[in-house]
**Q** 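Following this message is one structure expressed as structure tokens.
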Amino acid sequence: MKTITNPAYKLMHEGSIALAQVEANGIRIDTKYLDIAIRRTSNKIKHLSENLTHYKIYKRWKKKYGAKTNLGSHEQLAHILFTVMDYPCESFTKKEHKPAADEANLKSTKLKFVAEYLELEKLKKARSTYLRGILRETTDGYMHPNFPLHFVQSYRGSSRNPNFQNMPVRNPKIAKLVRQAFIPRENHHILEIDFKGAEICCSACYHEDPKMIKYIENPRLDMHRDLAGEIYLLKKKQISKMIRFASKSFFVFAEFYGDWYKNCAKSLWEGIDELNLKTTDGVPLKKHLRDNGISELGACDVDKQPEVGTFEAHLKRVEYAFWNKRFRVYNQWKKDWWEAYQEKGYFETLTGFTIAGNLDRKQAVNYPIQGSAFHWLLWSLIKLQKEMNRRKMKSLIIGQIHDSIVGDIHKSEIDEYLEIVREIIYEKIRKHWKWIIVPLTVEVEMAPLGKSWYEKEEVKIWTKN
DNA sequence: AAACAGTGCGCG
DNA sequence: AAAGCGCGCACTGTTT
């Protein structure tokens, strides 16, 4: 067993050098804004905390814990809600088997106190991990996060001090609060390029499922939309963007990573209310499902078969068709790959890394895909930076987020930069790695001149849809 | 005071 | 048969 091939070694070596330059470049931070944002957020936190103390629940909390009462203690709150006040508890912690204090479990009480508490917690997270974290790591207006390559089991990269790869983006308010701090250099744009469906494309290079390849090759096909149709019993034109999003994140990706229908049914069902899903003709999704004979989620009990007519039972069939009809070849690959790993105790990725150790089934089939998809990005970043250096460009690469590259690009170099990117991703990478059997595409997002990372918007240049 | 385990949450 | 992959960071509560 060879643990690493020469090309794999070279990739890590050159990758480390390229990322060292990225670290040295650093990211410009608006420290004045950060100071104001921290102050403003602190005021909100103070106000919200004070407000919580007027609730009856807080009085019970105080009675139970006295001087030890701590609004920051999830454990205390969960104990008050689920043990003292006896609200039905849907989940428990893994090791200690105490009532869980995560957002979903707390929210299930539907208490106003809890809603305000969660809002407070979001702000606290934004302030401590992000606003203060960024400020702490910034000197002379620049922050230099690390991008190590030698910590992750799957041979992905990571980021630390601070982690540049988990800056808020999904919650618009928190995203704005934090990402406004990231600004370009004078006369530059923040510009991000993002591999489209990197892990899905990469998986196809392993399993070569013809249906998956078709989805990737034909821009008029859309697997998330198709699955949304099956999951929610909709016609193509009824599927809104948000419905597609729910199908993609709560079913398709979850299934690819190894989740199953009972979990997916829950998150899909809860997602309907949380995302306020409606068909494009304005019909609330739960009403639509009711009209089609599905009016309940079902128990989703691990030990029980789903009840006929429930959403859970429906999703069981969708899952079956997903793996045994639609992506049958992928399914078979997973089985074969797992068998081979059990036989040998290791496997080799398409990029030349051997992965050994005690892996479970999901890890064994996910690692090669996750690792190799990142290696596409890393290889591209190395090429891109070398070319930028050769041309002595003013533009800089300032970060990497698994399948995207964040650049601080001079206004006079945008076209040039994008042309280099295009050549690498649309041409060179497939010449370098002959096993890439699907076309690779990237999306481009850019903020207006001088504007923050928060203000990035998609730039349509190479994609036709 | 420092270290540790456990939990939760931000991202891909 | 089992039942979501990979990270980093902050915080609580306990132990050293």
**Q** So do the side chains of A/C205 and A/W376 get within less than 4.5 Å of each other, counting heavy atoms only?
**A**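 Yes, their side chains come closer than 4.5 Å.
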**Q** What does A/K124 touch in the nucleic acid at a heavy-atom separation under 4.0 angstrom: a base, only the sugar-phosphate, or nothing?
**A** nothing
**Q** So, is A/K362 near the phosphate of C/dC5, with a side-chain N or O under 4.0 Å from OP1 or OP2?
**A** yes
**Q** Any base atoms under 4.0 Å from A/R136, or only sugar-phosphate, or nothing? Heavy atoms, all strands.
**A** sugar-phosphate
**Q** Are OP1 or OP2 of B/dG12 and a side-chain N or O of A/R170 less than 4.0 angstrom apart?
**A** yes
**Q** Out of C/dG13, B/dG6, C/dG6, which has the shortest distance to the side chain of A/Y367?
**A**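 Nucleotide nearest to A/Y367's side chain: C/dG6.
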**Q** Can you tell whether the side chains of A/K124 and A/E121 come within less than 4.0 Å, N to carboxylate O?
**A**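 A salt bridge is present here (some side-chain N lies under 4.0 Å from a carboxylate O).
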**Q** Looking only at side-chain atoms of A/D102, point me to the closest of B/dG12, C/dC9, B/dC9.
**A**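 Within the option list, the nearest is B/dC9.
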**Q** Return the nucleotide paired to B/dC9: Watson-Crick means purine N1 to pyrimidine N3 with N6-O4 or O6-N4, wobble means G-U with N1-O2 and O6-N3, both under 3.5 Å.
**A**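 Result: C/dG8.
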**Q** Could you give the OH-to-P distance, from A/Y454 to B/dC11, as a whole number of Å?
**A** 13 Å
**Q** Measure from the side-chain N and O atoms of A/K262 to the backbone N and O of A/D301, and report whether any donor-acceptor pair falls under 3.5 Å.
**A**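 Yes.
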**Q** Write down the distance between CG (A/L378) and P (B/dG12), rounded to a whole number of angstrom.
**A** 19 Å
**Q** Regarding A/Q370, tell me which of base, sugar-phosphate or nothing describes its non-hydrogen contacts under 4.0 Å with the strands shown.
**A**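 Base, at least one base heavy atom under 4.0 Å.
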**Q** How about A/S42 and A/R127: does a side-chain donor come under 3.5 Å of a side-chain acceptor?
**A**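 A/S42 vs A/R127: donor-acceptor pair found between side chains.
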**Q** Distance to the ring centre below 6.0 angstrom and angle to the axis at most 45 degrees; does that hold for A/R422 and A/Y417?
**A** no
**Q** Over how many whole Å does the gap from A/E199 atom CD to B/dC11 atom C1' extend?
**A**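 Going from CD in A/E199 over to C1' in B/dC11 covers 13 Å.
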**Q** Has the side chain of A/R156 got a donor or acceptor atom sitting under 3.5 Å from an opposite partner on the base of B/dG12?
**A** yes
**Q** Look at A/S154 and C/dG6 and indicate whether a side-chain polar atom (N or O) is within less than 4.0 Å of OP1 or OP2.
**A**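 Looking at the OP1 and OP2 atoms of C/dG6, neither is under 4.0 Å from any side-chain N or O of A/S154.
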**Q** Among C/dC7, C/dA2, B/dG8, which is the nearest nucleotide to the side chain of A/R361?
**A** C/dA2
**Q** Where the side chain of A/N166 is concerned, which of C/dA3, B/dG8, B/dG10 is the nearest nucleotide?
**A**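 Between C/dA3, B/dG8, B/dG10, the one nearest the side chain of A/N166 would be B/dG10.
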**Q** Have a look at A/S159 and say if it touches a base, only the backbone sugar-phosphate, or nothing, with a 4.0 Å heavy-atom cut-off.
**A**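 If one applies the 4.0 Å heavy-atom cut-off, A/S159 turns out to touch the sugar-phosphate alone, with no base involved.
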**Q** Are OP1 or OP2 of C/dA2 and a side-chain N or O of A/K262 less than 4.0 angstrom apart?
**A**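 Negative; the distance criterion is not met.
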**Q** Distance check needed: B/dG8 C1' versus A/K95 NZ, whole Å only.
**A**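 Answer to the nearest Å: 15 Å.
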**Q** Rounded off to whole Å, could you give me the CG-to-P distance for the A/L77 and B/dT7 pair?
**A** 16 Å
**Q** Select one nucleotide: of B/dG12, B/dG10, C/dG4, the one nearest the side-chain heavy atoms of A/P168.
**A** B/dG10
**Q** Please pick, from B/dG12, B/dC9, C/dA3, the nucleotide with the shortest atom-to-atom distance to any side-chain atom of A/E103.
**A** B/dC9
**Q** OP1 or OP2 of C/dG13 versus the side-chain N and O atoms of A/Q76: is any pair under 4.0 Å?
**A** yes
**Q** Determine the contact category for A/R160: base if any of its heavy atoms lies under 4.0 Å from a base atom, sugar-phosphate if only primed atoms, P, OP1 or OP2 are that close, otherwise nothing.
**A** sugar-phosphate
**Q** With heavy atoms under 4.0 Å as the rule, sort A/A126 into base, sugar-phosphate or nothing.
**A**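 Since no nucleic acid heavy atom lies under 4.0 Å of A/A126, the category is nothing.
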**Q** Name the closest nucleotide to the A/D259 side chain, picking from C/dG4, C/dA10, B/dG6.
**A**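 The listed nucleotide nearest to A/D259's side chain is C/dG4.
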**Q** In whole angstrom, give me the gap between the P atoms of B/dG8 and C/dG4.
**A**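 Result for the P pair: 16 Å, nearest Å.
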**Q** In whole angstrom, what separates A/N331's CG from C/dA2's P?
**A**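 A/N331 atom CG is separated from C/dA2 atom P by 18 Å.
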**Q** Looking at every strand, decide which applies to A/A198 at a 4.0 Å heavy-atom threshold: base, sugar-phosphate, or nothing.
**A** nothing
**Q** Could you check which of C/dC7, B/dG12, B/dC9 has an atom nearest any side-chain atom of A/Q153?
**A**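 It is C/dC7.
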**Q** Rounded to the nearest Å, what distance is computed from the CG atom of residue A/D360 to the P atom of nucleotide C/dA1?
**A** 17 Å
**Q** Specify whether A/F164 and A/W453 have parallel, tilted or perpendicular ring planes, treating 30° as the upper limit for parallel and 60° as the lower limit for perpendicular.
**A**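 Parallel.
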**Q** Students often mix this up, so state it plainly: with edges at 30° and 60°, are the rings of A/H314 and A/F311 parallel, tilted or perpendicular?
**A** tilted
**Q** What contact category does A/V302 fall into here, base, sugar-phosphate, or nothing, at under 4.0 angstrom with non-hydrogen atoms?
**A** nothing
**Q** Can a side chain N or O of A/T93 be found less than 4.0 Å away from OP1 or OP2 on B/dT7?
**A** yes
**Q** Is it the case that the ring center of A/H207 lies less than 6.0 angstrom away from the ring center of A/Y330?
**A**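 Yes, the ring of A/Y330 comes within the 6.0 Å limit of the ring of A/H207, centre to centre.
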**Q** Is the shortest side-chain N/O distance from A/Q363 to OP1 or OP2 of C/dG6 below 4.0 Å?
**A** yes
**Q** Can you tell me if the side-chain N/O atoms of A/S158 get under 4.0 Å from OP1 or OP2 in C/dG6?
**A** no
**Q** Under 4.0 Å: is that the gap between some side-chain N or O of A/N70 and OP1 or OP2 of C/dC11?
**A**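 So the side chain of A/N70 is outside the cut-off, no N or O lying under 4.0 Å from OP1 or OP2 of C/dC11.
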**Q** Between the side-chain atoms of A/N163 and the base atoms of C/dG8, is any donor-acceptor pair under 3.5 Å?
**A**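 It does not, because no donor-acceptor pair links the side chain of A/N163 to the base of C/dG8 below 3.5 Å.
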**Q** Between A/L19 (CG) and C/dC7 (C1'), how many Å, whole number?
**A**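 The distance from CG of A/L19 to C1' of C/dC7 comes to 15 Å, rounded to the nearest Å.
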**Q** Verify the stacking flag for A/Y257 against C/dG4: centroid separation must be under 5.5 angstrom and the ring planes must differ by under 30 degrees.
**A** no
